[in-house]
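The next block holds one structure in the form of structure tokens; read it before the comments.
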Amino acid sequence: VGMDWFDAICHSFSTIAIGGFSTHDASMGYFNSPAINMVCVFFLIISGVNFALHYAAVHSRSILIYIRDPEFKAFISIQVTLTLICFYVLMRTLTYEEPEVAMDQALFQAVSIGTTAGFTTTDFSSWPVFLPILLIFASFIGGSAGSTGGGLKVIRIVLLYLQGVREINRLIHPKAIYSIKLGRKALPDKV
């Protein structure tokens, strides 16, 4: 979509590995292309999802595998939420005047930093103070378990949240028995 063969091959390896390495100092910003940004975002999302889930979807020939997976839903929800927050703040502060440019930048930076890839198209540290901090914290979560993304992994954050809710419920109702369910399965206490 606008790269020469050498740049395309190098960036494809770096995108799938979520390495964030580029052949140019300006990273993806060198190309100044929304089409390149969208292709990169698409493959960063694919790389941030559990590869065992991809295998299960291909093996069963069903896309429903993705929809049923709680980690996938949490991962996509995090990415969508990050993008919408970034877009809203960028438009509200008039960092970008055109909504298309603001959405392109918000989506690319949210997915790139959120999956721990580190590609950039702009100096997001010059964005309003709240956004760079939000994106850095999002990088702590990273991608799904079994993906090439770094961070703590989405499943651990989901389990931490579920355990927190369980502990609050146990404080309110100490004699009740609560189990943590991931999807439709109850997890053993050992997990």
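Values reported hereafter were calculated over all heavy atoms of this structure, with side chains retained and with hydrogens, waters and symmetry mates removed.
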Qualifying salt bridge (charged side-chain N to carboxylate O under 4.0 Å, His left out) pairs with a residue from residues 148-171, counting only residues at least two apart or across chains: R166-D189, E167-R170
Through direct or indirect side-chain contacts below 4.5 angstrom among Ile, Leu, Val, Met, Phe, Trp and Tyr, which residues connect to I172? I168
Looking only at heavy atoms, the pair that brings S33 and V1 closest together is OG-O, 4.2 Å
Are L53 and I65 side-chain neighbours, meaning at least one heavy-atom pair lies under 4.5 Å? yes
Test question: given the 4.5 Å side-chain rule for I, L, V, M, F, W and Y, name all other residues clustered with W5, or answer none. none
Please, which pairs that meet salt bridge (charged side-chain N to carboxylate O under 4.0 Å, His left out) have at least one residue in residues 80-98, sequence neighbours excluded? none
After noting the C-alpha distance and the side-chain angles of F137 and F140, does the key distance pass the ring pair (Phe, Tyr, Trp, His ring centres under 6.0 Å) rule? CA-CA 5 Å; F137 279 120; F140 291 158; 5.5 Å; yes
Co-members of L171 in a cluster of I, L, V, M, F, W and Y side chains, linked at under 4.5 Å: none
Who pairs with T23 by side-chain hydrogen bond (donor to acceptor under 3.5 Å, both in side chains), at least two apart in sequence or on another chain? D7
Rounded to the nearest 0.5 Å, how far does CD1 of I157 lie from OG of S144? 12.0 Å
Let me see the working for Y96 and F87 under side-chain contact (heavy atoms from CB on, under 4.5 Å), right down to the final yes or no. CA-CA 10 Å; Y96 298 102; F87 175 70; over 6 Å; no
Taking all atoms of both residues into account, what is the closest heavy-atom pair of A106 and C86, and its distance? CB-CB, 3.7 Å
Check side-chain hydrogen bond (donor to acceptor under 3.5 Å, both in side chains) between T95 and all other residues, then give those that pass, not counting sequence neighbours. T93
Side-chain contact test, heavy atoms from C-beta onward, threshold under 4.5 Å: evaluate it for L64 versus I67 and give yes or no. yes
Does a sphere of radius 6.0 Å around CZ in F21 hold more than 12 heavy atoms from other residues, nucleotides or ligands, not counting ones at 6.0 Å or beyond? no
side-chain hydrogen bond (donor to acceptor under 3.5 Å, both in side chains) filter on S22, not counting sequence neighbours, yields H11
Please confirm whether the backbone N or O of A57 pairs with a side-chain atom of S62, one donor and one acceptor, at under 3.5 Å? no
Linking Ile, Leu, Val, Met, Phe, Trp and Tyr by side-chain heavy atoms under 4.5 Å, what else ends up with F6? none
Value rounded to 0.5 Å, distance of OG1 in T116 from CD1 in I141: 11.5 Å
One should read off an interatomic distance between L107 CG and L82 CG, to the nearest 0.5 angstrom, of 10.5 Å
Do V101 and F124 sit in one hydrophobic cluster, given that two such residues count as connected whenever their side-chain heavy atoms are within less than 4.5 Å of each other, even indirectly? yes
Tell me if a side-chain donor or acceptor on S139 pairs with a main-chain N or O of I136 at a distance below 3.5 Å. yes
Group every Ile, Leu, Val, Met, Phe, Trp and Tyr by side-chain heavy-atom contacts under 4.5 Å, then state whether F42 and M38 land in the same group. yes
May I have all residue pairs that pass side-chain hydrogen bond (donor to acceptor under 3.5 Å, both in side chains) and include part of residues 64-87, sequence neighbours excluded? H54-Y66
Single-linkage hydrophobic cluster V129~V89, side-chain heavy atoms < 4.5 angstrom: no
F108 and F119 aromatic ring geometry - parallel, tilted or perpendicular at 30°/60° bounds: tilted
Measure the spacing between CD1 of I46 and CD1 of I18 and express it to the nearest 0.5 Å. 11.0 Å
Are the side chains of T148 and F51 in touch, meaning some heavy atoms are under 4.5 Å apart? yes
Just verifying a value: how many Å separate L159 CG and L182 CG, rounded to the nearest 0.5 Å? 5.5 Å
Any side-chain heavy atom of L131 within less than 4.5 Å of one from I85? yes
State whether the number of non-hydrogen atoms from other residues, nucleotides or ligands found under 6.0 Å of D25 atom CG is greater than 12. no
May I have all residue pairs that pass ring-ring contact (aromatic ring centres under 6.0 Å, His included) and include part of residues 160-191, sequence neighbours excluded? none
Step by step, would you call Y88 with L84 a side-chain contact (heavy atoms from CB on, under 4.5 Å)? CA-CA 6 Å; Y88 175 76; L84 292 176; over 6 Å; no
Any pair with a residue in residues 119-137 that passes salt bridge (charged side-chain N to carboxylate O under 4.0 Å, His left out), sequence neighbours left out, goes on the list, sorted by first then second residue, please. none
Would a 4.5 Å heavy-atom cut-off, applied to side chains only, mark M103 and L90 as touching? no
Indicate, with yes or no, if I16 and F31 share a hydrophobic cluster defined by side-chain heavy-atom contacts under 4.5 Å among Ile, Leu, Val, Met, Phe, Trp and Tyr. yes
Nearest-0.5 Å distance that lies between atom CG in L134 and atom CD1 in I113: 11.0 Å
side-chain contact (heavy atoms from CB on, under 4.5 Å) for T115 and F75? Distances and angles first, verdict last. CA-CA 10 Å; T115 58; F75 175 70; 3.9 Å; yes
For A102 against M91, the heavy-atom pair lying closest together: CB-SD, 3.5 Å
Does M28 form a side-chain contact (heavy atoms from CB on, under 4.5 Å) with C40? I'd like the steps, not just the answer. CA-CA 9 Å; M28 291 298 207; C40 185; 3.5 Å; yes
Hey, is CG on N169 packed in by over 12 heavy atoms from elsewhere, all under 6.0 Å? yes
Looking at side-chain heavy atoms only, is the closest gap between S147 and V49 below 4.5 Å? no
Side-chain heavy atoms nearer than 4.5 Å, only ILVMFWY residues, links allowed to pass through others: does that put I36 and F13 together? no
